[in-house]
*Asks:* 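Sharing a structure, written as structure tokens. Questions coming.
Position 1 is the first residue of the sequence; numbering continues from there. We count ligands from 1, going down the list as the structure has it; atoms in each ligand are counted the same way.
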Amino acid sequence: MVIYMNITELKGIGEKTADLLNRLSVYTVEDLVGFYPRDYDVYEKPVFINDYIQEPERNITAIDGVVVKSVEMYNTGRLRVISTYIKDCEGGTCKCVWFNMPFLRNTLKIGARYVFRGHASIKKNQMVLEQPQLYTLAQYGKLMGEMQPVYPLTKGLSNKVVAKAVRQALEKYKTGLEKEYIPSEIREKYHLAEHNFALVQIHFPKSMEEYMEARKRLAFEEFFLFVLAVRSLKEKNVCQKNEYVIPDDKRTGEFILKLPYKLTDAQLRTWCEVKEDMSSKHMMSRLIQGDVGSGKTIIAVLALMNAAFSGNQGAMMVPTEVLAKQQHEAMTNMFAQFGVELKVELLVGSMTAVQKREACKRIADGQADIIVGTHALIQEKVEYKKLALVITDEQHRFGVNQRRTISEKGHNPHILVMSATPIPRTLAIIVYGDLDISIIDEMPSDRLPIKNCVVDESYRAKAYRFMENQIKEGRQVYVICPMVEESENIEAENVIDYTESMKKSMPDSIRIEYLHGKMKPSEKNRIMELFSAGSIDILVSTTVVEVGVNVPNATVMMVENAERFGLAQLHQLRGRVGRGGYQSYCIFSTASKSKKIKERLEILNKSNDGFKIAEEDLKLRGPGDFFGVRQSGEFDFGIGDIFADARVLKAAAASADIIMSDAQWSDRQENAVLKSKVDEYTLRCLNKLNI
Ligand code: ADP
Ligand code: MG
């Protein structure tokens with residue numbers, strides 16, 4: 001039994017700081033040393049102003065410049081602002097702005113030379129530095145090249161406090177420092193640094209090289225423990241006897257024939273695998289992976305039907321209420337139309353207490369054959385009569401833990417999870433180590449490929465006319481903005497203001513509404529339902545529409561500030577159009593002049609294939625590019641990124657294979673530490689991962 005040390009035991013961490021750290025899920029000193037920097041502040045060589053204007057990539061930038069104007073001072077609201085202009089030796093000029101630092105006025109004399117280091121941006125074609133720190137050339141020269149950890153913080157918590165506490169934990173208490181537990185053959189083979197070295201260096205790297213070594217080791221050990229933990233789970237699954245043998249039912253086969261379309265070969269293959277699993281000797285634990293729009297839902301419906309026809313119940317859990325209602329309605333209608341006599345029940349959080357009670361009663365007494373819902377399926381006090389199959393749709397929104405909770409509601413039901421995350425098969429096999437995998441790698445043949453374009457802001461008027469024409473033909477439109485409302489610090493389109501100005505430049509007859517994550521759930525549902533029903537023409541939204549919503553009548557998607565999203569996310573967003581028989585269009589708009597950003601967006605422009613996009617993105621980012629745009633919230637390992645660190649992941653999986661090829665590995669004395677690490681990992685980390 002491990003005893004953890006509370007963070008308040010560290011000097012300098014009082015109750016207040018502890019509260020702030022708790023908010024970041026740091027409770028113990030052990031958590032703290034595992035709380036890795038999100039970035040490092042590197043005091044880089046000062047850049048030339050004109051170079052920055054050409055390629056405004058970095059945020060924190062240093063300029064070696066001379067003050068060329070006398071300081072201006074004014075107030076805005078409660079802020080005291082001072083500003084001046086500096087010039088570098090190539091002649092470029094840059095505005096510098098400080099808030100609430102009036103005393104700087106005495107330092108900023110015309111002709112004074114400093115290195116100014118602060119948040120850089122371009123405003124009205126001019127470079128601006130905000131809150132720059134001032135260094136003499138000598139001071140800056142000394143700092144150059146050093147790496148300071150930058151921790152993910154929360155309001156009120158300073159980086160200095162965290163860094164000091166981490167140093168104390170490592171130096172005084174040796175927290176996290178332990179006996180090496182990865183066998184030396186493996187360490188040699190993959191050139192892995194020692195654990196203790198890596199843990200110290202990840203917080204306080206002496207150089208980029210040491211940082212890279214530390215990172216590789218820690219990513220490896222994380223993946224290694226993960227794979228061992230997941231494979232151990234799978235071994236348990238494989239041994240589980242099938243307690244609900246679900247045969248294929250004639251009525252399901254007839255239903256397939258009545259569908260208005262023919263299943264693709266990939267769908268048929270997947271359906272066969274699912275059928276076989278459910279009627280085989282062992283329980284099913286299967287993942288269906290297929291790009292957005294590949295038609296995963298129908299496979300789920302068929303599996304649910306077989307489960308219900310065999311006298312059992314099947315449940316499907318989806319990530320949003322809108323989606324739950326949509327699936328419930330679609331299934332109910334289909335069953336009515338094709339004469340399938342099964343009762344589909346809905347269970348979502350926004351139902352009234354009475355509605356919920358009645359639904360739960362029908363679930364408990366077996367009147368409900370198929371149950372569709374959100375987290376309510378596991379949160380509410382639901383008793384199932386005979387739950388034999390659990391499906392989670394868009395599974396990356398549910399963790400291993402939630403999957404397990406809903407499984408425990410039944411007596412070990414069959415598990416089917418569906419994911420639209422396009423990751424290459426070689427990685428999928430590792431990451432979903434506890435599941436068998438079916439891949440739907442074929443789009444329905446009636447689909448017209450989406451037409452894409454990448455444009456700048458000057459194209460907006462033209463895009464609006466295009467939307468008007470589509471709406472005249474009866475179609476609908478999504479516009480995606482990165483922000484909910486206006487922000488002082490970030491220049492990007494926001495849903496609320498955008499909707500206002502869009503209404504002004506469109507005819508009154510066009511119905512425009514907005515949707516974002518901060519709205520009340522009931523309001524969100526209302527808007528989404530209106531859009532589904534065709535009563536809204538243009539939906540201006542944040543990425544909340546990303547997950548699974550099906551409005552086949554929508555044919556245009558315009559993404560504003562497309563550079564602010566990861567490629568995988570943009571691809572998911574794009575999946576909201578092109579879901580019916582109509583030609584669909586996706587317009588990626590960006591104000592950025594950066595070549596790199598254009599290159600990334602070009603990948604989307606050229607391909608509609610999620611798997612290919614993930615791979616291309618990976619190539620473009622390169623294995624060293626850890627601080628680029630994160631793919632999205634899924635596969636949230638502590639330090640490893642399954643895409644950028646794909647090779648490390650594969651090496652870790654191969655190493656785990658070697659260890660596990662010895663059936664008694666976990667009983668051997670030399671593996672005792674490793675075994676306890678795997679157990680700890682299963683307990684502490686596996687449940688937190690979104691996999
Ligand atoms: P996803 O894989 O993203 O969950 P869906 O299951 O929602 O995709 O399917 C998208 C749309 O394609 C739905 O409207 C569905 O009815 C339709 N569809 C599914 N399979 C086929 C098929 N074989 N041929 C034509 N349309 C299909
Ligand atoms: Mg879906």
*Asks:* For ligand 1, which is the ligand I care about here, please tell me if Gly295 has any N or O atom under 3.5 Å from one of the ligand's N or O atoms.
*Replies:*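 N/O-N/O distance below 3.5 Å exists for this pair.
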*Asks:* Consider only side-chain N and O atoms of Gln327 and Asp393, and report whether a donor and an acceptor are under 3.5 Å apart.
*Replies:*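 Yes, a side-chain donor-acceptor pair sits under 3.5 Å.
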*Asks:* Near Thr264, which atoms of ligand 1 are under 4.0 Å from a heavy atom of that residue?
*Replies:*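 Close to Thr264: 23 (N).
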*Asks:* Which bit of Gln267 gets closer than 4.0 Å to ligand 1, counting heavy atoms only: side chain, backbone, both or neither?
*Replies:*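 Side chain only; the backbone of Gln267 stays clear of ligand 1.
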*Asks:* Just jot down the salt bridge (Lys or Arg N to Asp or Glu O under 4.0 Å) partners of Lys520, sequence neighbours excluded, or say none.
*Replies:*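 Listed in chain order: nothing, the list is empty.
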*Asks:* With a 4.0 Å cut-off on N to O distance, would you call Arg600 and Glu563 a salt bridge?
*Replies:*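 Answer for the salt bridge query: no.
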*Asks:* Check whether any side-chain heavy atom of Val551 lies under 4.5 Å from a side-chain heavy atom of Arg579, and answer yes or no.
*Replies:*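 Answer no - side chains too far apart.
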*Asks:* Measuring from the heavy atoms of Arg447, does anything fall under 4.0 Å of ligand 1?
*Replies:*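 True for this residue.
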*Asks:* On the ring face of Phe309, is Arg251 found with NZ or CZ under 6.0 Å from the centre and within 45° of the axis?
*Replies:*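 That pair qualifies as a cation-pi contact.
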*Asks:* Is the closest heavy-atom distance from Gly293 to ligand 1 below 4.0 Å?
*Replies:*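 So Gly293 counts as touching ligand 1.
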*Asks:* Considering only heavy atoms of Asn550, which atoms of ligand 1 have at least one such atom less than 4.0 Å away?
*Replies:*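 Those atoms are 13 (C), 14 (O).
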*Asks:* Which ligand 1 atoms, with their elements, are less than 4.0 angstrom from a heavy-atom of Thr297?
*Replies:*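 Those of ligand 1 that fall under 4.0 Å from Thr297 are 4 (O), 5 (P), 6 (O), 7 (O).
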*Asks:* Report, in ascending order of atom number, the atoms of ligand 1 lying under 4.0 Å from any heavy atom of Lys262.
*Replies:*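 With Lys262 as reference, the close atoms of ligand 1 come out as 22 (C), 23 (N), 24 (N).
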*Asks:* Return the set of residues passing ring pair (Phe, Tyr, Trp, His ring centres under 6.0 Å) with His516 (not counting sequence neighbours), or none when no residue passes.
*Replies:*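 His516 satisfies ring pair (Phe, Tyr, Trp, His ring centres under 6.0 Å) with Tyr514 once adjacent residues are dropped.
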